[in-house]
Every structure is written in C-alpha cells, then in structure tokens.
Q: 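Attaching a single structure in structure tokens format; questions to follow.
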Amino acid sequence: MSRYAEVVLGLPLTKTFTYVIPEICRDLVKVGSRVLVPFHRREITGFVVGLKSRKKGEDFELKDIREVLDDEPVFSEEFLSFTKEFSTASFCSWGEMLQAALPPSYVPKSRVKMSLSEEGEKAIQNDSLDKEEKEIIKLLRKGTYTRTHIKRKIKQKNLSAVLARLERRGLVLRQSDLKKMRRRVEKEIDLTPVQLEMDFSLDEEIRKASGIISESLGRNIFLPFYLYASRHKRETIYFDLIKKILNIRKRVLFLVPEIRLTASLQEKFTKKLGENVALLHSQLTAKQRESEWERIRTGRADVVVGPRSAILSPLTNIGLIILDDEHDESYLQKENPSYDARRGALLRAKQFSSLLISGSSIPSVEAYFLAKRLGYLVEIKEEAADRKVEILREKAGKRIVEERLIREIGQRLSGKKPDPVIIFFNRRGYVSFVICPCCRYIPRCERCDVTMSFHKKEGKLLCHYCGFSSPKMHTCPECWGKLVFGKSFGIEVVEEELKSRFPGKRIVCFDSDRVRTRKDQEEILSRFGEKKIDILLGTQFLAHQDNIPPVSTVVILYPEIFLTLPDFRASQKTFQTVSQMTNCLAKEGDPRLFIQTSNPEHYSIRHAAFDDYGCFYDQEIKYRRLMNYPPFSRLAEILLTGENLRTLARESRKIFSCVKEQDSPIETWGPALASVSRIRGKFRVQVVLKSKKKRALDRALLKSLERVKSRKTVFLHE
DNA sequence: AGCACGCCGACT
DNA sequence: GTCGGCGTGCTC
C-alpha cells in the first residue's frame, strides 16, 4: 500500500510535491484523484499523479493530505500522460493545464478571510481605535472578506500593517473558507452502438478524398491529413468520416475556432449525428459545464465539438481528431496556461493512435508546407471565386470613403430592388486617441501602455486592452487647451460619413461595442437577410460571424492595419482577414469586391481579393525561406510579465546569457519591451529565440526558463 | 500565484 | 531611533 502521493498543483511551478497519505484514506487515493493539501499556509487542490511506498531523500517532514476529493478519479492515466507531454511541449505548468481541464468549480482553494471577533465588536464602542483601524472594523462588520478584497475596498497605503496590528490585539480573526463541491459521479459506459446510415450520395471527388482518409481507419495507427478544400466540401467529408469512426466504435474530437459555435452549428450536428454530441462553448453556465464534462468523461458523448479548450476534454477512445479552420489564430491560448490546441491535437492523436485531420480553405503556410512535404495533403481543387475586384489606392486616413466608392454604393442602394452592401473596417471607436494641440498631451490608460480610444457614441474614453473607461474630456488637464481628435479614425467615423452621404438609408454598425449579446447578433443578421438594412458596417467582429447572409457587394476599407504589426505572420493574418471578409460575397449574380487601401500592390491583399491562395502561398513561403522564418526555422517568443520592470529586465537578461552558454546556433532578439509594454499594470518584456535546429532550441529554452523566476509565457512557431 | 521575511529611506 | 515600503525566496 502506498504511503506517499506525488501531487501537482495548479500553480506556475514545475515541481511535483510529495504528501503523506493518512492511514484512513490509503485505499481511497488513486492516481488522477483530486486532493486537498496544505501548501504554504493555505489549502489548495492538488492532483495525484503518482503513488509511492517510500519517500526519496526529502530530509524534511512531509505534510499530510487533508482530504481526498474524489471517489472516482477525475483524470485517467492516459490523460495525465497526454497533458504532461503537452504541457512540457508548451513550456507551461502541468498543474495549471490540469486545472484548466476541469470545470472551475472542481478546483476548490482556501483563501484567508478576515472577520471580526467579539472584542472587535466591543472595540468600536470604547473608542480605542484610530481612524484607519475604524475604517477596517466598519467594513468587517458587514461580513468576512479576503485581504485583497479589503485592499480594493479601502485605499490605505499601510493596510497590511494595520490589519496585522488588529490581529495581534485579537480584534480581527483569520478564517479559512473552502467551498467544496460534491461531484455527482455516474458509471462509465461504453460507446453507445448506433448504426448510422452511410451517405452514398456524395460526389465523386468527395468520396475519393474521404476514401483516401478512411482507408487507414481500421489500422489503429496515428495518421495525419491536411484537407485543403472549401468549407462545404470539408464538412461533407467530416460527417462522412465521423459516421465511419462511430461505426467502428470510436469517438471523435471536433475542434473549431471559438466563434463558429452557433445555434446553427449545434442544429447541424445533432441533426446529423443524434444526441450523442457534446457541445462546449464559452457561454455555458457553470452547471452546464460540469454536466457536459461528466457526460464526456463517462462516455455518454461520442462526439465532442468545441473550441481550443476542448483539446483538454476527458474524451476517451478517440479515433479521430478534426481540426477545422486550422489557420485560425484562436487555437492559441494566450493566457496561462498558454498552449496551441493544434500542437495538442497532434500530440493527442499520436498518443492514442488516431487520425488527425486538419482542414482549411486558407491554410497557414506552415501547415500547408509540412503537409505537402510529408505527403499528407488531400486537396480538392476549386475554381477561384467568380467576382469582380477593384482595388482603389488611397493614402491611409486621408479619405474615409473614396468618392468613387460612394458612387458605387449609392448606385446599389438607389436601384429598384434594394441591394444591401457590407462594409468592413477594422478599428473600433471614433479615434484611437485625442490630443492637446498646445502641449501634445494624450490621455493614456492608467494601467496599460496605450492611448485611450475615444468612443463618441458612449461619450467616453476607453482602453482597448483592459476595458478601463473614463468620461469624455474636453480640455487638457495640463494646460487647459481644447483637446482635438487624433488622426487614426475608427469605425464610428466611417458610420458618420456614410450616414451623411446616404441620408435616410438604414445603416447599422456591427462591432463588439454595440452588439453585445448573441441575440443581438442574430437579430441584426436576420434583419439584414430580410433586406431591412441597407448598409451593414462592421469590424473583424462581423467578419467572424459565420451566418452572414450573402451579398453582391462587399467593401473593405484599409485592410493594411494588420501589416503594421511587428509580427512575421502579418501578411498571413492580412490574407486571412481579407479572405474571411470576402466570405459573405454571393457566389452568383455578378458579385463585386472593392478594397480601398494605401497598399494596393501588397500580395496578401491582392491575392486574397482574387481568392488565390496558391499565389499567396508561393509568395509567402518564398519570403519565409528568405528570412529564415518558420516553417524553415523554429521561433520561440518568450514573454515575461510582472509588476516590476527592473526585475523583468534582470530576469530576461538571464535568458540571453543562458542561451549564449549553450554553444548552439541560436539567434536571439531582445530583451525588449513588448509592443504594448504594459497591460493591466503588468509590464511585458519579450525575448525571441530562433534556430534551425529544433532540438537545440528546445534545450536552450528549457535551460534558460528554469532559471527565470518571473511569470513567463512561451509562444512557439515552427 | 500568494504570502512571509528581511533590508533600506522618511517620519511620529 | 522606528515604521513601512518593497524586493526576494519558498511552498511537500
């Protein structure tokens, strides 16, 4: 019987910790169980990843596990080994990844809360308190709060000292609170044997593509495919394969970019595959999340559809992983634990010997290159979209909407039959900054290193990074000069311009500031479909919608905003965005695309406009080769964050010197401040490592990261 | 991540 | 002289 448990914690620590298993729960603790453990004067949830009968070399007293939270482990051994590998490959903490794999309510943590003692109650009367102490006592009469909550409520500089003093005098007590959740556990069941009808009405090319992939179905080995085809054809193939997989009694993990999880998609899935589908998305309530999670774990769902986090769902017996819209950047989790669901899909498919199908009609050049070179590209050729394209040159910011475009739009709106137009422009707000003409003062966010955007409709200044807003300012607080608008205008300006040019027309602005709920989104889009809106104006937020009614005219204004990003994939992002914006163009009836840009020759804009992925790819891959960027090298972006810039500077230099010690050919850039050097009060310092040799880079990363103490996030590109 | 400990400047 | 800020280090 094992006496010790090896436990990982949901903290940014690479270590595992050893705890003593108390006699009474020796046969209760299992690998994969959640346990409650004391940790540095706190009690937190840990995950048992191993059992052992003797401790190894720890020369201090080990602490006891406080409580075992599961009768039935939350993690299977195979899931543990997958997440271990995945977190290592992502350079993030295993414990944090495990924590992210569970519904949040499954991870109880004790927090030290402060409450008032009887003496404290009395102390208010006998007037033995100073002003600061009184303030705290008054707050605590209303309830018990955590220290951080008190700090937020009471703006005293030396708060922790005052609290300590009150505690010493016995007026204030510490309480540890812990909300534990009982898990309702049902028995695991086998795959529900549903015999799904095969669809023999598929056309030749689709049947062929599906055949190539499903040939290896019964073989139980890892095989990757890249499906380069239109959305419609991809979906047909996916469903065909899903049925085949379910018929051999295996399960399917279907990953989609965040935004595509709409009601329409849900309907499509349940219609085609029955009730055994679990759909995960960000708008599930805590309760729903728990029940879906348990449903998946116990095998009551045979297909799981979800965004990037679904790669961490407890699905077993996976026969197929689908990674649709592979190019989509939302597969990257940027917050800790940071990971790329695409990498996770590859690892999980490898580990469980399942098929992996990535698919897109505009693949990332990295994935396309690899698929071609390793021979797993399945391509269904498509005619380029039939559309008339006009690219107008206009200096960025000079004209809002080019005269010629106004005429074109006017023509469409004035005809006998209303012919609605969609216009894209990708900057929120009215202007991205306001400025005092006398002293050059520009209002900036208190907590982020960015200017405050001015939003005219809501009459406020808004930080686009942390959401902090302040009321509209008219005069400069420094010199009382009258503030004027900065030159980089946003979508509200475009809206104003259109309204003045087309009075009486129904113009609706679709951006994340105006359209808040899913209901609003669907309401506007359906109104647009009924031709009750003349011009639908939107940002990227509109482009992301997948159920936009097709139109015959799309206008894109200044898509080059992305090209100014300090990112080696800026062209690819531009290509993808423009492509996405053209998605809502009708296939028939003389569709027209207008682009107004200061950079009409740029290949990413041009090839996207003409729906020519091939040409874009050829040019982009040339540039990547020339500059030695991925896929021709491996590039790691290390981001250090913290409140203290000095510490960050020192820590980031450590990486630099550590890489130099490894005598392998690794290019380093930085350390440098990230392009937005501070977000939510935390500074951001960046170091980039680049190398042809993957192994060398991994080794250097591992070596240097273990020396760095600050919070770090690694983004890998290859 | 939190949370305590310990070392240097501005004040009762 | 002390108080209290904040950098540093540790957590089985």
Side-chain angles (χ1 to χ4, degrees), chain A residues 2-22 29 34-68 87 92-100 104 107-114 130-133 136 145-152 154-168 174-178 335-338 640-652 654 680-683 705-713:
Chain A
S2 314
R3 298 188 53 206
Y4 302 98
E6 220 169 316
V7 172
V8 295
L9 306 166
L11 299 173
L13 304 169
T14 37
K15 279 191 211 165
T16 65
F17 294 83
T18 310
Y19 284 88
V20 177
I21 309 171
V29 178
R34 295 172 302 153
V35 286
L36 206 59
V37 292
F39 188 74
H40 204 216
R41 287 162 259 250
R42 285 175 287 166
E43 237 168 55
I44 56 179
T45 305
F47 310 108
V48 177
V49 297
L51 297 170
K52 45 192 186 177
S53 45
R54 55 181 63 218
K55 57 178 178 178
K56 45 159 197 249
E58 287 99 348
D59 50 358
F60 49 89
E61 193 142 350
L62 298 178
K63 291 187 180 166
D64 278 14
I65 286 175
R66 280 288 147 75
E67 198 176 336
V68 184
S87 60
C92 69
S93 132
W94 187 14
E96 284 186 303
M97 186 174 270
L98 289 174
Q99 188 173 303
V107 191
K109 267 177 228 174
S110 82
R111 290 199 290 179
V112 181
K113 282 195 170 182
M114 309 305 279
D130 63 26
K131 222 177 91 198
E132 291 163 332
E133 291 167 341
I136 294 172
Y145 302 101
T146 64
R147 294 175 93 93
T148 35
H149 185 263
I150 298 170
K151 267 180 204 163
R152 224 172 296 142
I154 296 175
K155 293 270 178 272
Q156 283 177 23
K157 277 234 154 173
N158 50 356
L159 195 122
S160 49
V162 181
L163 262 174
R165 206 158 61 219
L166 288 169
E167 216 185 317
R168 234 177 295 134
R174 270 162 194 261
Q175 266 180 359
S176 154
D177 77 311
L178 189 73
E335 315 279 273
N336 284 307
S338 78
L640 306 189
T641 53
E643 247 122 71
N644 193 306
L645 187 54
R646 225 202 194 103
T647 319
L648 290 183
R650 188 193 56 222
E651 294 296 313
S652 61
K654 277 192 201 164
R680 288 177 195 278
K682 292 213 164 125
F683 286 100
L705 288 177
E706 70 188 24
R707 281 202 220 165
V708 175
K709 285 174 218 132
S710 319
R711 187 59 146 147
K712 59 232 162 198
T713 314

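In what follows, every chain begins at residue 1, and chains take the letters A, B, ... in the order their sequences are listed.
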Q: Between P on B:dG2 and CD on A:Glu96, what's the gap in Å once rounded to a whole number?
A: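 The distance from CD of A:Glu96 to P of B:dG2 comes to 10 Å, rounded to the nearest Å.
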Q: Quickly work out the A:Phe17 CZ to B:dA1 C1' distance and round it to whole Å.
A: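 These atoms are roughly 12 Å apart.
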Q: Holding to side chain to side chain contact (heavy atoms under 4.5 Å, CB included), I want the full list of residues that pass it with A:Phe683, two or more places apart in sequence or in another chain.
A: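 Applying side chain to side chain contact (heavy atoms under 4.5 Å, CB included) to A:Phe683 gives A:Leu645, A:Leu648, A:Arg678.
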Q: Rounded to whole angstroms, how far apart are CH2 on A:Trp94 and P on B:dA1?
A: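 That distance rounds to 21 Å.
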Q: What residues form a side chain to side chain donor-acceptor pair (under 3.5 Å) with A:Thr16, not counting sequence neighbours?
A: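 A:Thr16 satisfies side chain to side chain donor-acceptor pair (under 3.5 Å) with A:Glu6 only.
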Q: Please collect all salt bridge (Lys or Arg N to Asp or Glu O under 4.0 Å) contacts where either partner lies in residues 640-650 of chain A, sequence neighbours excluded, each pair once.
A: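 Qualifying pairs: none.
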Q: May I ask you to check whether over 12 heavy atoms, not counting those of A:Lys682, lie within 6.0 Å of atom NZ?
A: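 No - once you tally the heavy atoms of other residues, nucleotides and ligands closer than 6.0 Å, there are 12 at most.
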Q: Atom CZ of A:Arg711 to atom P of B:dA1: distance rounded to whole Å?
A: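 Value for this atom pair: 4 Å.
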Q: Assign A:Leu9 to base, sugar-phosphate, or nothing according to its heavy-atom contacts below 4.0 angstrom with the strands shown.
A: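 A:Leu9: no heavy atom of the nucleic acid under 4.0 Å.
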Q: Could you state the NZ-C1' distance from A:Lys15 to C:dC12, rounded to the nearest angstrom?
A: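 These atoms are roughly 9 Å apart.
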Q: Report the distance from atom CG of A:Leu11 to atom C1' of B:dC3, rounded to the nearest whole Å.
A: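 Rounding to the nearest Å, CG of A:Leu11 and C1' of B:dC3 are 12 Å apart.
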Q: Rounded to the nearest angstrom, tell me the gap between atom CZ in A:Phe39 and atom C1' in C:dT11.
A: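 Roughly 4 Å, once rounded to whole Å.
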Q: Between A:Glu643 (CD) and C:dC6 (C1'), how many Å, whole number?
A: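 These atoms are roughly 11 Å apart.
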Q: Using ring pair (Phe, Tyr, Trp, His ring centres under 6.0 Å) as the criterion, list what pairs up with A:Phe17, not counting sequence neighbours.
A: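 With sequence neighbours excluded, A:Phe17 shows a ring pair (Phe, Tyr, Trp, His ring centres under 6.0 Å) to A:Phe39, given in chain and number order.
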Q: So which protein nitrogen or oxygen atoms get under 3.5 Å of nucleotides 7-10 of chain C's nitrogens or oxygens?
A:
residue: C:dG7; atom: OP1; partner: A:Asn644; partner atom: ND2; Å: 3.4
residue: C:dG7; atom: OP2; partner: A:Asn644; partner atom: ND2; Å: 2.7
residue: C:dG7; atom: O5'; partner: A:Asn644; partner atom: ND2; Å: 3.0
residue: C:dT8; atom: OP1; partner: A:Arg650; partner atom: NH1; Å: 3.2
residue: C:dT8; atom: OP2; partner: A:Arg650; partner atom: NH1; Å: 3.1
residue: C:dT8; atom: OP2; partner: A:Arg650; partner atom: NH2; Å: 3.2

Q: Who pairs with A:Arg680 by side chain to side chain donor-acceptor pair (under 3.5 Å), at least two apart in sequence or on another chain?
A: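 Counting only residues at least two positions away or on another chain, A:Arg680 forms no side chain to side chain donor-acceptor pair (under 3.5 Å).
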